[in-house]
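Proteins get letters first, then strands, A, B, ... in listed order; numbering begins at 1 in each. Keep in mind that this is a model prediction, so the values were computed, not measured. Values below: all heavy atoms of this structure, side chains included; hydrogens, waters and symmetry mates excluded.
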Protein chains: 2
Amino acid sequence: MYTQRVSLEPIRYVLYGITERKTMANCRRCAIHGGHAFCVRRVPVFAALDDKELSHVASHIHQRTYQKGDILFLEGEPLHALIIIHTGSVKAYKTTPDGREQILYLFQTGDFLGEQNLFENHNASYTVEALENVITCAFSRDSFQALLLEHPVIAIKTIEELSKRIAQLENTLKSLGVRSVDGRIAALLMDYAERFGAIVPEGVLIQLPLSREGIANQLGITRETVSRKLSRMENGGVIRTVGSKRILILDRQTLETTANQMNAI
Amino acid sequence: MYTQRVSLEPIRYVLYGITERKTMANCRRCAIHGGHAFCVRRVPVFAALDDKELSHVASHIHQRTYQKGDILFLEGEPLHALIIIHTGSVKAYKTTPDGREQILYLFQTGDFLGEQNLFENHNASYTVEALENVITCAFSRDSFQALLLEHPVIAIKTIEELSKRIAQLENTLKSLGVRSVDGRIAALLMDYAERFGAIVPEGVLIQLPLSREGIANQLGITRETVSRKLSRMENGGVIRTVGSKRILILDRQTLETTANQMNAI
DNA sequence: GAAAAACTGTGATTCAAGTCAAATCATCTA
DNA sequence: TAGATGATTTGACTTGAATCACAGTTTTTC
């Protein structure tokens with residue numbers, strides 16, 4: 001059985017080494033005790049700060065918890081804080097005029113969001129919904145601005161993070177612009193494997209963050225098509241579904257090829 | 001005849017007022033005389049600097065000219081400068097494994113690019129090609145970094161600009177994720193109208209920056225489909241093509257509706 | 001200004017993904 | 001654990017964009 005290896009924590013442990021996870025453990029503990037220093041340090045943007053500065057930052061943080069399915073904020077709402085995902089994961093999406101949702105990002109522990117609202121009076125450009133129980137740390141706009149002016153290093157880090165996000169969006173855009181749905185699904189599975197996968201003897205086991213419908217909303221296709229394509233991949237021996245919430249990648253090579261050739265069968 | 005009203009300069013004049021254009025004229029003049037102060041000021045990021053700082057910035061700039069069709073840089077190449085479009089326009093695209101190009105951005109006079117390469121040693125994430133004769137001002141990575149540390153205000157401006165670009169990408173993503181091709185074309189025309197359109201008595205006249213094939217590559221569809229959809233819109237009285245490089249929007253209302261309902265005919 | 005080259009439009013056909021409908025499977029709850 | 005509920009899979013059919021082919025048009029080049 002795979003079930004014992006499958007919770008999110010050991011998965012990232014396996015793939016990325018333990019440093020992140022260790023910090024996470026501390027962070028969780030520190031949160032229970034009311035402090036935020038470690039929580040803040042987990043955010044790349046604040047990595048350059050020393051302990052004193054960190055605790056100053058931490059003192060401006062407000063924590064909130066959400067249940068699975070709760071909306072953190074709605075597209076169009078004013079938002080005056082930088083939000084850090086302390087525990088859990090969320091999806092960020094825009095609703096199209098015909099009612100579908102286009103998922104733009106999946107954010108996990110340590111990611112931050114709301115950066116575009118920190119300077120001008122922009123409203124949220126997407127809706128954010130908890131995929132599981134979530135704890136967030138919110139950092140007010142004013143505090144963040146003051147911090148930036150004091151510590152240009154943080155500004156530079158922020159620019160780097162935004163640049164990364166841009167690069168990621170550009171890639172998603174390229175892959176949506178490409179016709180083949182097979183290619184998109186393969187690329188999505190590769191991405192999930194990195195972010196939600198655990199190495200097991202047979203291959204990489206992915207703990208899916210979204211339902212079939214969620215995947216469809218991320219790829220701009222229908223849930224039926226997702227089902228059919230996955231079935232086909234399973235028949236072809238490329239993947240094996242484990243229940244409906246897990247997928248085991250058996251043939252990484254073929255998946256990669258499919259993702260790259262874009263015009264696959 | 002529309003031809004007299006159609007060059008890019010008066011177009012933006014009509015829609016956005018003359019301040020930008022005036023600066024542009026100065027900038028062009030200043031470039032001829034070897035200075036760059038005005039050129040630099042046109043870039044929002046540097047707007048907060050005073051004259052002395054501006055001329056310091058300008059002293060680090062290298063100018064280059066390109067012919068229509070020239071490649072400014074290729075996806076994957078190392079790039080160590082921030083590039084400002086001084087005159088002209090360019091397209092930025094990624095090449096998909098099957099040889100198609102997915103256009104990500106059209107940059108015009110005053111836009112900057114290459115920001116993601118300013119900190120880490122990232123390579124260019126897209127290829128940039130001149131759509132007409134282009135003059136660029138390049139600003140070396142080292143100078144820019146030094147400037148950021150000295151002037152946190154510039155860092156903040158940069159973050160704002162990047163946030164805007166992210167918002168734009170997110171919108172493009174949403175529209176590609178949506179199925180209807182009619183919707184995408186309508187949305188593209190609305191976007192072009194704002195950026196490349198002039199108000200004329202009959203409606204808005206767009207000077208197309210790209211060929212049918214270019215439009216197709218921006219929308220992730222084929223050039224034949226673009227042709228057919230435009231023909232249909234013309235038959236429906238929504239637009240009128242003026243030669244093959246211009247489109248006159250007659251019925252903005254219908255266009256808007258089509259762009260929004262996403263499931264149009 | 002004529003020839004060449006590149007771009008554009010249109011028809012016929014194909015095919016992949018969408019839609020609608022129903023059956024099966026998984027999971028949650030009492 | 002059984003039943004209820006919701007999610008997933010599968011099938012049949014439809015639709016709309018891609019592909020292929022070619023004619024017409026515009027733009028470039030010499």
Side-chain angles (χ1 to χ4, degrees), chain A residues 1-3 6 67-69 96 98-100 131-133 176-186 188 207-235 239-247 258 261-265, chain B residues 3 67-69 96 98-102 129 131-133 176-186 188 207-235 239-247 258 261-265:
Chain A
M1 287 305 290
Y2 305 113
T3 14
V6 159
Q67 305 273 302
K68 176 178 175 175
T96 63
D98 62 331
R100 285 183 53 255
L131 292 173
E132 53 193 316
N133 291 345
L176 271 191
V178 158
R179 258 146 298 161
S180 156
V181 166
D182 298 79
R184 288 190 226 175
I185 291 190
L188 181 102
Q207 175 76 23
L208 295 174
L210 293 173
S211 68
R212 296 292 183 273
E213 179 147 30
I215 293 172
N217 289 339
Q218 208 177 345
L219 297 176
I221 56 182
T222 60
R223 62 190 155 69
E224 292 97 327
T225 300
V226 174
S227 272
R228 279 189 252 267
K229 295 293 181 187
L230 290 177
S231 297
R232 239 179 130 157
M233 286 184 178
E234 187 155 18
N235 291 338
I239 62 171
R240 192 195 311 152
T241 54
V242 183
S244 69
K245 292 252 167 66
R246 282 188 279 276
I247 287 181
T258 309
Q261 75 192 25
M262 304 271 167
N263 278 328
I265 307 157
Chain B
T3 13
Q67 303 273 302
K68 177 178 176 176
T96 64
D98 62 331
R100 285 182 53 256
E101 65 183 46
Q102 176 65 46
E129 183 183 326
L131 292 173
E132 54 193 315
N133 292 345
L176 272 190
V178 157
R179 258 147 295 159
S180 154
V181 166
D182 298 79
R184 289 191 223 173
I185 291 189
L188 180 102
Q207 175 77 24
L208 295 174
L210 293 172
S211 67
R212 298 289 185 274
E213 179 147 31
I215 293 172
N217 288 340
Q218 206 179 344
L219 297 176
I221 57 181
T222 60
R223 67 189 166 73
E224 292 97 326
T225 300
V226 174
S227 272
R228 279 188 251 268
K229 295 294 182 189
L230 290 178
S231 296
R232 236 178 134 157
M233 286 186 178
E234 188 156 17
N235 291 337
I239 61 170
R240 190 195 315 152
T241 54
V242 182
S244 69
K245 291 253 169 62
R246 283 188 277 275
I247 287 180
T258 308
Q261 75 191 25
M262 304 275 167
N263 278 330
I265 307 156

* Asked: Is any side-chain N or O of Ser231(A) closer than 4.0 Å to OP1 or OP2 of dT10(D)?
  -> yes
* Short side-chain N/O contact from Lys245(A) to OP1 or OP2 of dT8(D), under 4.0 Å -> no
* Show your reasoning for whether side-chain contact (heavy atoms from CB on, under 4.5 Å) applies to Met233(B) and Ile185(B). => CA-CA 10 Å; Met233(B) 286 186 178; Ile185(B) 291 189; 3.9 Å; yes
* What's the closest nucleotide to the Arg228(A) side chain, out of dT19(D), dT8(D), dT19(C)? -> dT19(C)
* Do Arg223(A) side-chain and dG18(C) base share a donor-acceptor contact under 3.5 Å? -> no
* Asked: Looking at dA17(D), dC20(D), dA7(D), which one has an atom nearest to any side-chain atom of Glu224(B)?
  -> dC20(D)
* Ser227(A) side, atom OG; Glu224(A) side, atom CD - distance, nearest 0.5 Å -> 7.5 Å
* To do: Nearest whole angstrom, please: distance from the P of dT9(D) to the CG of Asn235(A).
  => 12 Å
* **Separation of atom CD1 in Ile185(B) from atom C1' in dA17(D), rounded to whole Å** => 11 Å
* What integer distance in Å separates Lys68(A):NZ from dG6(D):P? -> 13 Å
* Asked: Start at the 5' end of DNA chain C and walk down; is the nucleotide closest to Ser244(A) or to Thr225(A) reached first?
  -> Thr225(A)
* Round to a whole Å and report the spacing from CD of Glu213(B) to P of dT27(D). => 17 Å
* Structure fact -> When rounded to the nearest 0.5 Å, the distance separating CD of Gln102(B) from CD of Gln218(B) is 8.0 Å
* To the nearest 0.5 angstrom, please state how far the CG atom of Asn217(B) sits from the OG1 atom of Thr96(B). => 9.0 Å
* Whole-Å distance between dG9(C) C1' and Ile239(B) CD1? -> 13 Å
* Find the distance Glu234(A):CD to dC25(C):P and express it as a whole number of Å. => 13 Å
* Asked: Which nucleotide sits closest to the side chain of Ser227(B): dA21(C), dA17(C), dG9(C)?
  -> dG9(C)
* Taking the side chain from Arg212(A) and the backbone from Ser244(A), do they hold a donor-acceptor pair closer than 3.5 Å? -> yes
* To do: Measure from CG on Asn217(B) to P on dT8(C) and round the result to the nearest Å.
  => 12 Å
* To do: Whole angstrom is fine here: how far is it from CG in Leu176(A) over to P in dA17(C)?
  => 14 Å
